[in-house]
Amino acid sequence: MSKHSVIIVGAGPVGLTAAKILSQEGISVTVFEKSPTPSKEWRASTFHAGTLELLESTGLVEEMLQLGIVEDKVQYRDRTTGTFATFDFSLIKEETKYPYRLQLPQSTYVKVLNERLKDCANVDIHYSTEVVDIQQNEQDVTVKVQTPQGIETFSADYLLGADGARSTIRKLLDLSFEGYTLEQRFLLVGTPVAFSDYLPDITKVNYISDPEQFLFILKVPEAWRLLYPVPASVSDEVALDDENIQRTLQGALKTTDSFPIIERMIYRVHQRVAEKFYKGRAILLGDAAHINSPMGGLGLNNGIHDAVDLSRRLIRIFEGNSDVEGELDKYSNVRRKVAIDYVKQITERNTNVLTERDPERRVQLQQEYAEQANDPEAARAWILRSTMIASVREQGIGEPPTAV
């Protein structure tokens, strides 16, 4: 066993990515997940070029590409007038090996990680195990966990809180979660029926603008997915009703056909960032540290970037080659900056172009997107930013505290 150890709370894509990277360096990792099994919910389903580049060292990318769908265009449409902007990712083919979006549900990614980690001697994953308390000092951090057998206690050098938007770890650390929650909720539905049969010119990634009900259409291996807003006045039960879902699908695809529904999930949309990403030896990452609108497919990717950044820092700390406070300060500062200055800005701009009610402002926003898409240099800059390549290049990933 390694003399260095890390506890990770949360066996989702972010926590398991950190477990994979740390374990590759011989660090002992214990993962606690309160759910009884790995989540089978598809949830997020986009992996960007910047993320695929960072995951190369894990050896996961080849398998992910085999399991997912590649799409090299993102389309913006008006529900009434049709396409107003198409961004062609071939513009960045000289910049990256991955000039596209990879469409792959996060549940598939988690399954792949679980398969890779289950035989690792220095990784121990505990399901049906919930953290109920944290104590820490200058040498280590201790957690009490509720297991099916009762309360148990574990200690490690560091604790990573990757336990989602309702993070128990963030609450136990008493760190505020600043931002706002949208009044409306989003409803995500999936069907195996091909939307391209009804809208022949759509790509596999489409943002459809409409002041009353915008749409986000996305293809994953298992299905076509449709995301749309639910007004605050409509209850979850009414929104999830089969008849209402069918009505929305029929309106979106201009048909009277009925569709088999294989996925339905309603959730609130937040834009929030923790005041700080660590306290002592306990560190937040992923949705525990920041959550955002799904308009851009950036939340999962940003969380994986957190995992890579933090893992590189912990490896240096364990090697004795770096200052702990300096590393964690830089992690917190850089990852907060990316969450606010990149992810928040991109998702809010995407949301604005889809939902703007003022007719003049609506046309102006659409024209701005069209001009960007039609100008190769402007489009290239937009793609580099939306694929998170720009944030990695400009802010770095896991750079030492003294790095400029």
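Fair warning: this is a prediction, and the values are worked out from it, not measured in the lab.
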Exercise. Pick from F195, W224, Y207, F186: which one makes a ring-ring contact (aromatic ring centres under 6.0 Å, His included) with F216?
Worked result: Y207
Exercise. Okay, side chain of N244, backbone of V238: is any donor-acceptor separation there less than 3.5 Å?
Worked result: yes
Exercise. Between R312 and E399, is there a salt bridge with N-O shorter than 4.0 Å?
Worked result: no
For this session: State, with a plain yes or no, whether a side-chain heavy atom of Q106 is found less than 4.5 Å away from one of T108.
Result: no
Exercise. Would you say the side-chain atoms of D375 pair up with the backbone N or O of E371, donor to acceptor, closer than 3.5 Å?
Worked result: no
Problem set entry | Result of checking L188, D242, T191 against R264 for side chain to side chain contact (heavy atoms under 4.5 Å, CB included) | D242
Exercise. Is there a donor in the side chain of D78 and an acceptor in the side chain of Q366, or the other way round, less than 3.5 Å apart?
Worked result: yes
Exercise. What do the steps show when you test E41 against M265 for side chain to side chain contact (heavy atoms under 4.5 Å, CB included), and what is the final call?
Worked result: CA-CA 9 Å; E41 290 184 346; M265 181 174 68; 3.8 Å; yes
Exercise. Is it true that D287 and R272 make a salt bridge, defined as a side-chain N closer than 4.0 Å to a carboxylate O?
Worked result: no
For this session: May I have the step-by-step check of side chain to side chain donor-acceptor pair (under 3.5 Å) for T51 and H305, ending in yes or no?
Result: CA-CA 7 Å; T51 305; H305 289 214; 2.9 Å; yes
For this session: Using side chain to side chain contact (heavy atoms under 4.5 Å, CB included) as the criterion, point out the one residue from I383, I92, D88 that pairs with P99.
Result: I92
Exercise. Counting N and O atoms only, with roles assigned by atom type, does the side chain of Q146 sit under 3.5 Å from a partner on the main chain of E130, one being a donor and the other an acceptor?
Worked result: no
Exercise. For L328, does its backbone N or O pair with a side-chain atom of S332 as donor and acceptor, under 3.5 Å?
Worked result: no
Problem set entry | More than 12 heavy atoms of other groups within 6.0 Å of E360 CD | no
Seminar exercise, completed: In short, F154 meets V145 closest at the heavy-atom pair CE1-CG2, 3.7 Å
For this session: Indicate yes or no: does R316 engage E327 in a salt bridge with an N to O separation below 4.0 Å.
Result: yes
Seminar exercise, completed: Tested for side chain to side chain contact (heavy atoms under 4.5 Å, CB included) against I202, the lone hit among Q75, K73, K219 is Q75
For this session: Report yes or no: does T147 contribute a side-chain atom to a donor-acceptor pair with the main-chain N or O of Q149 at less than 3.5 Å?
Result: yes
Problem set entry | Residues D163, R170: salt bridge by 4.0 Å N-O rule | no
Exercise. Between A307 and I21, which heavy-atom pair has the shortest distance, and what is it?
Worked result: O-CD1, 4.5 Å
For this session: Using the side chain to side chain donor-acceptor pair (under 3.5 Å) rule, take N292 and H290 through it: C-alpha gap first, then chi angles, then the decisive distance, then the call.
Result: CA-CA 7 Å; N292 56 268; H290 46 73; 4.9 Å; no
For this session: Check whether the side chains of T347 and Q271 place a donor and an acceptor atom closer than 3.5 Å, and report yes or no.
Result: yes
Exercise. Under the side chain to side chain contact (heavy atoms under 4.5 Å, CB included) criterion, do L285 and R335 qualify, and how do the steps go?
Worked result: CA-CA 9 Å; L285 62 167; R335 299 314 304 164; over 6 Å; no
Problem set entry | Steps toward side chain to side chain contact (heavy atoms under 4.5 Å, CB included) verdict (L67, Y109) | CA-CA 9 Å; L67 295 170; Y109 178 68; over 6 Å; no
Exercise. Going by distance alone, is a donor N or O of one side chain under 3.5 Å from an acceptor N or O of the other, for N352 and R349?
Worked result: no
Exercise. So does K111 pair up with E115, basic N to acidic O under 4.0 Å?
Worked result: no
For this session: May I have the step-by-step check of salt bridge (Lys or Arg N to Asp or Glu O under 4.0 Å) for E275 and R336, ending in yes or no?
Result: CA-CA 8 Å; E275 61 175 294; R336 280 193 92 250; over 6 Å; no
Exercise. Can you find a pair of side-chain heavy atoms, one from I134 and one from V141, that are under 4.5 Å apart?
Worked result: yes
Exercise. For A49 and T96, which heavy atoms make the closest approach, and how far apart are they?
Worked result: CB-OG1, 4.0 Å
Exercise. So does E183 have more than 12 non-hydrogen atoms from other groups sitting under 6.0 Å from CD?
Worked result: no
Exercise. Does any donor atom in the side chain of Q135 or D133 lie under 3.5 Å from an acceptor atom in the other side chain?
Worked result: yes
Exercise. For P231, does its backbone N or O pair with a side-chain atom of R185 as donor and acceptor, under 3.5 Å?
Worked result: yes
Exercise. Sub-3.5 Å donor-acceptor pair from the side chain of E33 to the main-chain atoms of A11, do we have one?
Worked result: yes
Problem set entry | R313 bridged to D309 by N-O distance under 4.0 Å | yes
Problem set entry | R79: partners by salt bridge (charged side-chain N to carboxylate O under 4.0 Å, His left out), with sequence neighbours left out | none
Exercise. Where is the tightest heavy-atom contact between V131 and T168, given as atom of each residue plus distance?
Worked result: O-CG2, 3.6 Å
Exercise. With a 4.5 Å limit on heavy-atom distance, are the side chains of L199 and L253 in contact?
Worked result: yes
For this session: For atom CG of D174, decide whether the heavy atoms of other residues, nucleotides or ligands shown that lie under 6.0 angstrom number more than 12.
Result: no
Problem set entry | side chain to side chain donor-acceptor pair (under 3.5 Å) assessment of T46 paired with Q103 | CA-CA 5 Å; T46 293; Q103 300 308 129; 3.0 Å; yes
Exercise. Could you go step by step and tell me if Y278 and L284 meet the side chain to side chain contact (heavy atoms under 4.5 Å, CB included) rule?
Worked result: CA-CA 6 Å; Y278 80 99; L284 302 177; over 6 Å; no
Exercise. Can a salt bridge be assigned to the pair D72 and R101 using a cut-off of 4.0 Å between side-chain N and carboxylate O?
Worked result: no
For this session: Check whether any side-chain N or O of N301 sits under 3.5 Å from a backbone N or O of G297 as a donor-acceptor pair, and report yes or no.
Result: yes
Exercise. Between R393 and E53, does at least one N-O distance fall below 4.0 Å, as a salt bridge requires?
Worked result: no
Exercise. Would you say F32 and V143 make side-chain contact, with heavy atoms under 4.5 Å?
Worked result: yes
Exercise. Which pair of heavy atoms, one from L226 and one from A252, lies closest together, and at what distance?
Worked result: CD2-CB, 4.3 Å
Problem set entry | Backbone of V308 reached by a side-chain donor or acceptor of S311 within 3.5 Å | no
Exercise. With a 4.5 Å limit on heavy-atom distance, are the side chains of R385 and Q345 in contact?
Worked result: yes
For this session: For side chain to side chain donor-acceptor pair (under 3.5 Å), just list the numbers for N350 and Y76, CA-CA rounded to whole Å, side-chain angles, deciding distance to a tenth of an Å, and then say yes or no.
Result: CA-CA 10 Å; N350 273 340; Y76 287 82; 2.7 Å; yes
Exercise. Side-chain donor-acceptor pair under 3.5 Å between S107 and R43, yes or no?
Worked result: no
Problem set entry | Heavy-atom closest contact (L310 atom, Y331 atom, distance) | CB-CE1, 3.7 Å
Exercise. Between the side chains of H4 and S28, does any donor sit under 3.5 Å from an acceptor?
Worked result: no
Problem set entry | Side chain proximity check, Y158 to F318, heavy atoms < 4.5 angstrom | yes
Exercise. Does E56 come within less than 4.0 Å of K97, counting only side-chain N to carboxylate O?
Worked result: yes
Problem set entry | Y198 and F259 aromatic centres sub-6.0 Å | yes
Exercise. Counting distance only, does the side-chain N/O of E25 pair as donor-acceptor with the main-chain N or O of I27 below 3.5 Å?
Worked result: no
